[in-house]
Novice: 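My questions all concern the structure below.
All values below come from the heavy atoms of this structure, side chains included, with hydrogens, waters and symmetry mates left out.
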Amino acid sequence: MTKPYIFITRSLPEEIVTPFQEKFNVKMWDSEEQPVDREVLLEEAGKADGLITMLSDQVDEELLSRGKQLKVVANLAVGFDNIDIKTAEKNGITITNTPDVLTETTADLTFGLLMATARRLIEANEYVRKGDWENWAPLLMAGHDIHHKTIGIVGMGRIGEAVAHRAKGFHMNVLYHNRSRKKEAEEKLGAVYKPFDELVTQADFVVCLAPLTSETKGMFHKEVFKKMKSTAIFVNASRGDNANEDDLYQALVDGDIAGAGLDVFENEPISKDHPLLSLQQVVALPHIGSASVDTRKAMMNLCLENVQLVLDEQEPKTNVTS
């Protein structure tokens with residue numbers, strides 16, 4: 001009997017894939033860093049029973065229509081805005097993602113990015129490495145306090161709650177905005193719900209953790225940045241398209257806000273010539289929110305387990321629906 005065929009769009013560690021090869025015919029793209037060629041992906045989609053994709057892979061109507069025997073697409077991410085969910089459902093293709101396993105790791109990174117931006121850690125590190133540190137000065141690399149300040153979290157999902165939990169350890173006041181109230185988070189963490197416009201005017205740190213939707217796309221724009229405190233720091237660890245980068249750059253240049261910590265960008269990878277990278281008050285990371293070894297391996301295993309469950313005609317662990 002022919003084994004079901006699974007195609008993986010990046011090279012994953014052999015120790016992760018090997019346990020599944022007894023039951024499945026598994027093929028991987030030969031690079032970990034370079035994305036699969038689009039034509040190759042379309043060709044593989046036409047042959048595969050299951051695909052394991054990255055957030056950078058466009059799983060659109062064109063691809064899904066090629067999948068004559070495709071039963072499942074497992075996205076190696078919690079987000080799935082790269083996937084045409086409605087077309088997948090119409091074609092009877094199951095879509096899965098990797099929530100939960102990356103929550104704490106992404107929250108660590110988000111709070112670390114907030115701290116690095118506020119306390120100018122990257123800038124200070126470069127200052128030492130360049131040999132510029134010759135004397136002590138009263139305001140040398142002076143940044144912004146974090147403790148006892150107000151954090152405003154936009155998008156109070158699992159990661160948002162985990163960030164709020166970390167903020168309480170720094171005795172921060174926690175405000176949040178979400179599509180729906182989170183009563184449990186309010187009771188457990190003392191988080192206070194605020195309308196979006198109120199949150200951005202009151203918070204010292206505005207942290208975007210909202211999923212990318214038609215409602216959230218471009219939600220941080222010129223007028224919003226002008227409403228924020230001039231001492232406020234904006235942190236985006238969700239999706240780059242949630243913020244207008246031109247408006248963010250201008251807000252930083254004009255002093256409407258004090259700094260930005262960014263793990264995501266409108267176009268990734270961001271160009272080294274991007275105007276935001278010319279500003280010292282910007283900390284830029286290469287979309288590494290969930291990038292710890294343990295978490296990434298857990299995400300890979302979850303993808304493969306979901307594919308196996310679907311191909312065994314069972315319910316996947318983390319199904320995505322429209």
Side-chain angles (χ1 to χ4, degrees), residues 8-13 15-17 28-29 31-36 51-59 73-83 95-117 121-122 151 153-167 169 178 205 207-213 216 234-243 260-270 283-307 316-320:
I8 306 174
T9 65
R10 296 289 175 98
S11 178
L12 304 185
E15 68 266 23
I16 299 291
V17 177
M28 295 186 286
W29 181 241
S31 173
E32 179 185 348
E33 296 182 358
Q34 294 300 318
V36 62
L51 292 174
I52 294 178
T53 56
M54 310 298 125
L55 194 61
S56 55
D57 300 320
Q58 291 305 306
V59 183
V73 177
N75 213 38
L76 191 77
V78 67
F80 46 87
D81 45 272
N82 59 313
I83 300 177
I95 305 298
T96 71
N97 64 342
T98 58
D100 300 327
V101 294
L102 53 70
T103 296
E104 298 296 336
T105 299
T106 305
D108 283 349
L109 187 282
T110 302
F111 206 81
L113 181 55
L114 180 155
M115 294 179 67
T117 309
L121 300 185
I122 309 303
I151 185 172
I153 300 171
V154 179
M156 197 66 154
R158 297 180 183 90
I159 298 170
E161 289 191 31
V163 169
H165 185 77
R166 285 153 178 75
N178 200 60
F205 298 90
V207 180
C208 181
L209 291 166
L212 179 62
T213 67
T216 64
F234 173 65
V235 176
N236 190 1
S238 56
R239 289 291 179 268
D241 283 333
N242 284 339
L262 308 171
D263 187 41
V264 291
F265 302 91
E266 290 179 352
N267 295 301
E268 297 180 356
I270 188 173
V283 174
L285 305 180
H287 203 149
I288 56 170
S290 61
S292 74
V293 173
D294 289 345
T295 293
R296 286 288 167 86
K297 286 185 175 180
M299 292 166 68
M300 295 169 192
N301 273 313
L302 180 55
C303 282
L304 283 157
E305 288 169 8
N306 276 329
V307 169
K317 293 182 175 180
T318 53
N319 195 17
V320 173

Novice: Does Pro316 offer a backbone N or O that forms a donor-acceptor pair with the side chain of Asn306 under 3.5 Å?
Specialist: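 No: the side chain of Asn306 does not pair with the backbone of Pro316.
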
Novice: For Thr216, which residues count as a side-chain hydrogen bond (donor to acceptor under 3.5 Å, both in side chains) partner, sequence neighbours excluded?
Specialist: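 Thr216 satisfies side-chain hydrogen bond (donor to acceptor under 3.5 Å, both in side chains) with Thr213, Asn242 once adjacent residues are dropped.
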
Novice: For residues 292-307, which residue pairs qualify under salt bridge (Lys or Arg N to Asp or Glu O under 4.0 Å), counting only residues two or more places apart or in two chains?
Specialist: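 Pairs touching residues 292-307 that pass the test: Glu15-Lys297, Glu305-Lys317.
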
Novice: Heavy-atom distance under 4.5 Å between the side chains of Leu262 and Thr117, does that happen here?
Specialist: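 The answer is no, as the side chains (C-beta and beyond) never meet within the 4.5 Å cut-off.
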
Novice: So which heavy atom on Val17 is nearest to which on Met28, and how close?
Specialist: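 For Val17 versus Met28, the nearest heavy atoms are CG2-SD, 3.8 Å.
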
Novice: Run the ring-ring contact (aromatic ring centres under 6.0 Å, His included) test against Phe111 and tell me which residues pass, sequence neighbours left out.
Specialist: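 Testing Phe111 for ring-ring contact (aromatic ring centres under 6.0 Å, His included), a comparison that skips the adjacent residues, returns Phe170.
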
Novice: I'd like to know if the side chain of Thr318 reaches the main chain of Asn97, judged simply by a donor and an acceptor atom lying under 3.5 Å from each other, with no hydrogens or angles considered.
Specialist: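 A pair under 3.5 Å: yes.
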
Novice: Where is the tightest heavy-atom contact between Val264 and Arg239, given as atom of each residue plus distance?
Specialist: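 What the structure gives for the nearest pair is CG2-C, 3.5 Å.
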
Novice: Within the 4.5 Å heavy-atom criterion, are Thr110 and Thr106 side-chain neighbours or not?
Specialist: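 In short, these two side chains touch, coming nearer than 4.5 Å.
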
Novice: Using every non-hydrogen atom in the two residues, find where Ala291 and Thr105 come nearest and quote the distance to one decimal.
Specialist: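 Nearest heavy atoms, Ala291 then Thr105: N-CG2, 4.4 Å.
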
Novice: Please list, chain by chain and in numerical order, all residues satisfying side-chain hydrogen bond (donor to acceptor under 3.5 Å, both in side chains) with Glu104, sequence neighbours excluded.
Specialist: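 Checked Glu104 against side-chain hydrogen bond (donor to acceptor under 3.5 Å, both in side chains); matches are Arg166.
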
Novice: Identify the two heavy atoms, one from Asn178 and one from Met156, that lie closest to each other, and give their separation to 0.1 Å.
Specialist: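 Of all heavy-atom pairs spanning Asn178 and Met156, the closest is OD1-N, 2.8 Å.
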
Novice: Examine distances only and state if a side-chain atom of Arg10 and a backbone atom of Glu33 form a donor-acceptor pair shorter than 3.5 Å.
Specialist: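 Yes, Arg10 side chain to Glu33 backbone: donor-acceptor pair under 3.5 Å.
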
Novice: For the side chain of Asn75 and the backbone of Thr96, is there at least one donor-acceptor N/O pair under 3.5 Å apart?
Specialist: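 Absent.
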
Novice: Taking Asp57 for its side chain and Met54 for its backbone only, find out whether a donor-acceptor pair lies under 3.5 Å.
Specialist: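 Indeed, once roles are kept as given, a pair shorter than 3.5 Å links the two residues.
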
Novice: Which residues pass the side-chain hydrogen bond (donor to acceptor under 3.5 Å, both in side chains) test with Ser11, sequence neighbours left out?
Specialist: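 Result, side-chain hydrogen bond (donor to acceptor under 3.5 Å, both in side chains) vs Ser11: none returned.
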
Novice: Suppose we screen for side-chain hydrogen bond (donor to acceptor under 3.5 Å, both in side chains). Which residues come up paired with Asn236, at least two apart in sequence or across chains?
Specialist: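 Per chain and number, Asn236 pairs via side-chain hydrogen bond (donor to acceptor under 3.5 Å, both in side chains) with Ser238.
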
Novice: Within a strict 4.5 Å, meaning less than it, do heavy atoms of the Leu114 and Ile151 side chains meet?
Specialist: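 Yes, at least one pair of side-chain atoms sits under 4.5 Å.
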
